[in-house]
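Worksheet: the structure to be examined is printed underneath.
Each residue takes its place number in the sequence, starting with 1.
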Amino acid sequence: MAKNRYIGEYPVIGIRPTIDGRRGPLKVRESLEEQTMAMAQAAKKLFEENIQYSNGEPVKVVIADTTIGRVAEAAACADKFRRAGVDITLTVTPCWCYGSETMDMDPQTIKGVWGFNGTERPGAVYLASVLASHAQKGLPAFGIYGHDVQNLDEVANIPADVQEKLLRFGRAAVAVATMRGKSYLQIGSICMGIGGSIIDPDFIEGYLGMRVESVDEVEIIRRMSEGIYNEEEVKKAHAWILANCKEGWDKNPDFVKASDEKKAEQWEFLAKMYCIIKDLMNGNPDLPEGREEEMVGHNAIAAGFQGQRQWTDFYPNCDLPEALLNSTFDHNGAREPYILATENDVLNGLGMLFIKLLTNRAAMFSDVRTYWSAEATKRAAGYEISGKALENGGFIHLINSGATALDACGECVDENGEHVMKKWWEVTDADIRKMCDATTWPAADNGYFRGGGFSSSFTTRAEMPVTMIRLNLVKGLGPVMQIAEGWTVQIPDDVTKTLMMRTDPTWPCTWFAPRCDGQNGPFKDAYHVMNNWGANHGAIGYGHIGADLITLCSMLRIPVCMHNVPTEDIFRPAAWNAFGMDKEGADYRACAAYGPLYKKY
């Protein structure tokens with residue numbers, strides 16, 4: 001797959017096969033060696049075949065050299081794992097073991113324990129015992145226990161419910177560990193007073209283990225003026241943009257319209273801007289000689305661009321670089337998407353990052369703009385809504401001028417003909433062609449962007465499962481997460497046109513119906529979802545991934561304040577059960593008790 005874009009190795013999963021340490025004439029330990037190692041090998045195979053790093057490579061998994069029956073073997077395993085770069089451990093056993101002697105005591109690792117549900121040996125008893133030890137020592141661990149009893153010779157046959165929990169744990173843990181040590185790069189600063197663009201380094205350092213890097217937007221102009229970019233790449237990007245990004249209509253009145261010559265200059269400017277932002281994030285060894293300092297980049301796993309107003313009043317807007325960077329392709333073909341948040345909304349950018357790391361797909365950035373009821377839609381457009389929109393009490397308009405990935409147009413299909421946003425390594429040249437053909441680039445609205453530029457414009461013409469999330473910071477409380485699973489909905493083009501003409505028809509348009517239950521609360525209907533949303537922006541990812549996000553947030557100690565994930569799918573560390581029977585309240589109390597993963601906030 002692709003080269004690792006970031007400095008530092010990807011996180012490794014270490015599997016710890018624990019065993020009953022008793023030997024003696026009945027050879028208790030010896031009788032369990034084969035089954036215990038078989039569990040470890042089965043878990044390794046499951047992880048390697050189903051979890052990938054962001055560059056597409058299978059996750060790396062190592063197993064302790066021996067089973068772990070006493071503390072000396074636990075220490076040997078810990079030593080091996082330190083040398084192997086293990087950030088995540090899964091302890092597996094089919095039998096009773098000595099809990100505190102065999103458990104993972106490293107406070108820095110993310111921990112899970114799988115106890116086999118069998119009757120011959122008490123794997124479940126060890127699981128309960130060692131989870132109690134983890135709780136007592138302040139080391140949260142995820143407990144995994146199958147619903148149905150299996151025979152001892154079935155330890156390598158992982159039941160579906162156990163697979164689901166193992167993979168949920170693995171995906172979330174790899175995402176959490178991947179962020180550690182990386183940077184969020186803000187290009188510019190606070191944008192139009194938007195709270196999400198008021199960056200909080202203490203939060204990013206304490207909860208995510210990341211650092212904040214900051215450069216002024218003028219750095220882009222300096223690099224353009226002094227030729228600090230790869231000339232060949234800029235030419236290639238510029239040619240590709242001209243061939244694939246179709247210029248759309250210009251809504252501006254004649255007295256502020258840019259000339260054709262001026263627009264041609266802007267296309268070239270944006271190609272340079274695209275390449276320079278990419279260089280700022282992750283460096284570029286092919287910059288001109290003498291520019292070694294600029295070659296190294298900022299090791300940014302996510303970034304944001306301020307834009308409005310100081311930049312966009314004078315220079316072309318960043319809509320094209322934002323949209324293309326967030327997509328799964330560019331002038332070099334399919335590639336790992338970047339994360340670049342419009343208006344430097346770092347909190348939305350981090351939500352996009354969570355989505356990308358969990359799914360390896362592009363993430364959308366949108367305004368949560370307008371709620372449309374059945375009555376309002378009928379009155380405005382003469383259209384009676386149906387399907388998911390009607391079932392969930394209306395729909396929400398997701399729209400933004402810039403950073404919506406082109407993948408969100410919904411033109412790609414899988415092997416079953418279902419419309420999807422694909423994992424980036426599954427994107428074909430034909431898919432790229434479809435996404436480009438579905439998108440036009442109208443001239444930027446001069447009322448917003450006096451400096452010109454072009455905004456992406458498409459309509460999501462497919463029903464796809466999606467999840468909208470928002471990370472918020474609350475004074476006195478800290479970070480909280482909102483999650484709304486639902487679907488993109490398709491309405492007739494003429495209805496879309498009528499509704500879009502009431503806002504900005506030059507921007508990308510997605511209609512979203514969150515899954516609602518009709519009960520009192522934030523998910524009574526789509527109106528209540530929007531009315532309870534914590535900010536003006538949302539990050540949206542393909543698939544119903546709320547359960548994975550809840551697991552990820554529990555690892556980061558970020559409570560989830562609003563979600564519509566089925567109760568049976570919620571998977572948090574076992575110690576959360578000690579904080580009460582109401583799952584959301586227990587989540588808040590546990591997160592407060594354990595505190596941020598890396599340092600006090």
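- Listed here is the closest heavy atom pair of His537 and Asp367: CD2-OD1, 2.9 Å.
- Considering only heavy atoms from C-beta on, Thr328 stays 4.5 Å or farther from Lys422 through its side chain.
- For the pair Pro140 and Pro573, the tightest heavy-atom approach, listed with the atom from each and the gap, is CB-CB, 3.9 Å.
- With hydrogens and angles ignored, the 3.5 Å screen pairs no side-chain donor or acceptor of Glu336 with any backbone N or O of Ala2.
- For Asp345 (side chain) and Leu347 (main-chain N/O), a donor-acceptor pair under 3.5 Å exists by modelled atom type.
- Here the side chain of Thr18 pairs no donor or acceptor atom with the backbone of Thr93 at under 3.5 angstrom.
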Could you check Lys583 against Ile570 for side-chain contact (heavy atoms from CB on, under 4.5 Å), going step by step and ending with a plain yes or no? CA-CA 9 Å; Lys583 284 191 176 292; Ile570 295 173; 4.1 Å; yes
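- Residue-environment remark: NZ (Lys182) exceeds the threshold of 12 foreign heavy atoms within 6.0 Å.
- From Asp569, atom CG reaches atom CZ of Arg168 across 5.5 Å, with rounding to the nearest 0.5 Å.
- Checking side-chain atoms of Gln482 against main-chain N and O of Asn532 turns up a donor-acceptor pair under 3.5 Å.
- A salt bridge does not link Glu57 with Arg5: none of the charged nitrogens is closer than 4.0 Å to a carboxylate oxygen.
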Would His419 and Glu463 count as a side-chain contact (heavy atoms from CB on, under 4.5 Å) here? Give the steps. CA-CA 7 Å; His419 291 267; Glu463 182 178 295; over 6 Å; no
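- Leu357 is listed as a side-chain neighbour of Ser54, based on a closest heavy-atom distance under 4.5 Å.
- With contacts defined as side-chain heavy-atom distances shorter than 4.5 Å, the pair Lys111/Met103 does not qualify.
- Between Met39 and Pro94 the shortest side-chain heavy-atom distance falls below 4.5 Å.
- When side chains are defined from C-beta on, Met555 counts as touching Phe142, because their heavy atoms get closer than 4.5 Å.
- More than 12 non-hydrogen atoms from other residues, nucleotides or ligands lie less than 6.0 angstrom from NZ of Lys599.
- Counting non-hydrogen atoms of other residues, nucleotides and ligands closer than 6.0 Å to CD of Glu568 gives a total above 12.
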Start with the C-alpha distance between Leu597 and Val176, add both sets of side-chain angles, then the distance that settles side-chain contact (heavy atoms from CB on, under 4.5 Å), and finish with yes or no. CA-CA 10 Å; Leu597 188 57; Val176 167; 3.9 Å; yes
Residues Ile158, Lys45; criterion side-chain contact (heavy atoms from CB on, under 4.5 Å); working and verdict: CA-CA 11 Å; Ile158 307 177; Lys45 183 173 185 288; over 6 Å; no
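- Minimum interatomic distance between Gly14 and Val86 (heavy atoms only, all atoms of both residues): N-CG1, 3.6 Å.
- Judged by distance alone, with hydrogens and angles left aside, the side-chain atoms of Asn392 form a donor-acceptor pair with the main-chain N or O of Lys388 at under 3.5 Å.
- Summarising the geometry of Phe203 relative to Leu471, their closest heavy-atom pair is CZ-CD2, 3.7 Å, with the distance given to 0.1 Å.
- Once rounded to the nearest 0.5 Å, the distance linking CZ of Phe169 with CG of Leu167 reads 11.5 Å.
- No more than 12 heavy atoms of other residues, nucleotides or ligands sit less than 6.0 Å from atom CZ of Arg211.
- Within the 4.5 Å cutoff, the side chain of Gln150 has no heavy atoms near those of the Asn117 side chain.
- Side-chain atoms of Trp576 and Cys591, non-hydrogen and from C-beta on, do get closer than 4.5 Å to each other.
- A donor-acceptor contact shorter than 3.5 Å is absent between the side chain of Asn151 and the backbone of Asp153.
- Atoms CD1 and CD1, from Ile545 and Ile550 in turn, are 11.0 Å apart once rounded to the nearest 0.5 Å.
- A side-chain donor-acceptor contact under 3.5 Å links Thr551 to the backbone of Phe571.
- When ring centroids are compared, Phe395 and Trp487 stay outside the 6.0 Å threshold.
- The 12-atom threshold is not exceeded at CD of Glu9, counting heavy atoms of other residues, nucleotides or ligands nearer than 6.0 Å.
- When atom types are taken as modelled, the side chain of Asp587 and the backbone of Val560 share a donor-acceptor pair closer than 3.5 angstrom.
- Minimum heavy-atom separation, His544 to Gly486: NE2-O, 2.8 Å.
- The CE atom of Met530 sits 6.0 Å away from the OG1 atom of Thr370 when rounded to the nearest 0.5 Å.
- Counting only distance, with no hydrogens or angles, the side chain of Asp407 and the backbone of Met421 share no donor-acceptor pair below 3.5 Å.
- Within a 6.0 Å sphere centred on OH of Tyr527, heavy atoms belonging to other residues, nucleotides or ligands number 12 at most.
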Using the salt bridge (charged side-chain N to carboxylate O under 4.0 Å, His left out) rule, take Asp104 and Arg16 through it: C-alpha gap first, then chi angles, then the decisive distance, then the call. CA-CA 8 Å; Asp104 175 13; Arg16 310 174 69 259; 5.0 Å; no
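- Residue Pro514 comes nearest to Val529 through the heavy atom pair CG-CG2, 3.7 Å, listed as atom of the first residue, atom of the second, then distance.
- Considering CD1 of Ile355 and CZ of Phe365, their distance stands at 11.5 Å, rounded to 0.5 Å.
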Show me the side-chain donor-acceptor pairs of residues 124-134 shorter than 3.5 Å, one per line, residues at least two apart or across chains.
| from | atom 1 | to | atom 2 | distance (Å) |
| --- | --- | --- | --- | --- |
| Tyr126 | OH | Thr102 | OG1 | 3.1 |
| Ser133 | OG | Ser129 | O | 3.3 |
| His134 | ND1 | Val130 | O | 2.8 |

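- Proximity of Ile204 to Leu350: side-chain heavy atoms (C-beta onward) are separated by under 4.5 Å at one or more points.
- Rounding to the nearest 0.5 angstrom, the gap separating the CG atom in Leu208 from the CG atom in Leu556 is 6.0 Å.
- For the residue pair His528/Asn531, the side-chain donor-acceptor check at 3.5 Å is not satisfied.
- Applying ring-ring contact (aromatic ring centres under 6.0 Å, His included) to Tyr53 and the options Trp425, Tyr6, Tyr10 leaves one that passes, Tyr10.
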Please determine whether side chain to side chain donor-acceptor pair (under 3.5 Å) holds for the pair Thr342 and Glu322, giving the CA-CA distance in whole Å, both sets of side-chain angles, and the decisive distance to 0.1 Å. CA-CA 7 Å; Thr342 293; Glu322 288 167 359; 2.9 Å; yes
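- The main-chain N or O of Pro201 is never found under 3.5 Å from a side-chain atom of Tyr184 such that the two would form a donor-acceptor pair.
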